Amino acid sequence: MGFKENLRAELDYKGMLVKELAKKSGIKKQTIDNYLSAHNSMPSAETAVKLARALETSVEFLVSGKAPSSPKKAKRDQEILLENYQRLAPQKKKLILDLIQTL
């Protein structure tokens with residue numbers, strides 16, 4: 001996957017809209033839209049750093065799709081998992097626990 005696909009994947013993973021990323025990163029929404037629609041369009045290093053920081057990920061991930069091993073990222077993944085679990089109805093919580101136990 002390229003920058004465009006990795007940026008889209010991270011936006012989806014975070015549940016963030018392009019306009020939210022624009023506000024958080026200081027990069028114009030139109031510029032981000034161009035990265036998401038243009039084939040093989042790569043930002044400058046400065047822009048990539050701003051986008052990565054706003055998404056709480058690494059430039060390496062946005063460019064290559066490979067995330068460096070990071071305890072901070074793993075902890076955030078666990079927090080997101082717990083937040084989503086806590087919002088589930090009791091029956092769905094039981095289903096998730098049963099599923100985890102079978103793995």
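In this text the structure is predicted, and so the values were computed from the model without any measurement.
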Taking all atoms of both residues into account, what is the closest heavy-atom pair of [X] and [Y], and its distance?
X	Y	result
Lys93	Leu88	CE-O, 3.3 Å
Ser44	Tyr35	N-OH, 4.4 Å
Gly15	Glu20	O-OE1, 4.1 Å
Glu56	Lys14	O-NZ, 3.9 Å
Phe3	Met42	CB-SD, 3.5 Å
Val18	Leu36	CG2-CD1, 3.6 Å

Would you compute the distance between atom [atom1] of [X] and atom [atom2] of [Y] and round it to the nearest 0.5 angstrom?
X	Y	atom1	atom2	result
Ile100	Tyr85	CD1	OH	8.0 Å
Glu46	Leu51	CD	CG	11.0 Å
Arg8	Asp12	CZ	CG	5.0 Å

Can you name the residues that form a side-chain hydrogen bond (donor to acceptor under 3.5 Å, both in side chains) with Gln91, not counting sequence neighbours?
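So Gln91 forms no side-chain hydrogen bond (donor to acceptor under 3.5 Å, both in side chains) with any residue.
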Has Glu83 got more than 12 heavy atoms of other residues, nucleotides or ligands less than 6.0 Å from its CD?
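Above 12, so yes.
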Any side-chain heavy atom of [X] within less than 4.5 Å of one from [Y]?
X	Y	answer
Ile32	Ser25	yes
Thr47	Lys50	no
Leu55	Leu21	yes
Leu82	Gln78	no
Gln101	Asp98	yes

Apply the test side-chain contact (heavy atoms from CB on, under 4.5 Å) to residues Asn6 and Thr57: give CA-CA distance (whole Å), side-chain angles for both, the deciding distance (0.1 Å), then the verdict.
CA-CA 11 Å; Asn6 296 332; Thr57 192; over 6 Å; no
So, the side chain of Lys29 versus the backbone of Ala22: is there a donor-acceptor pair under 3.5 Å, distance only?
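Absent.
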Main chain of Gly2, side chain of Glu5: is a donor-acceptor contact present, judged purely on distance under 3.5 Å?
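It does hold such a pair.
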Is it true that Ile27 and Met16 fall in one hydrophobic cluster, defined by side-chain heavy atoms closer than 4.5 Å?
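Yes, same cluster.
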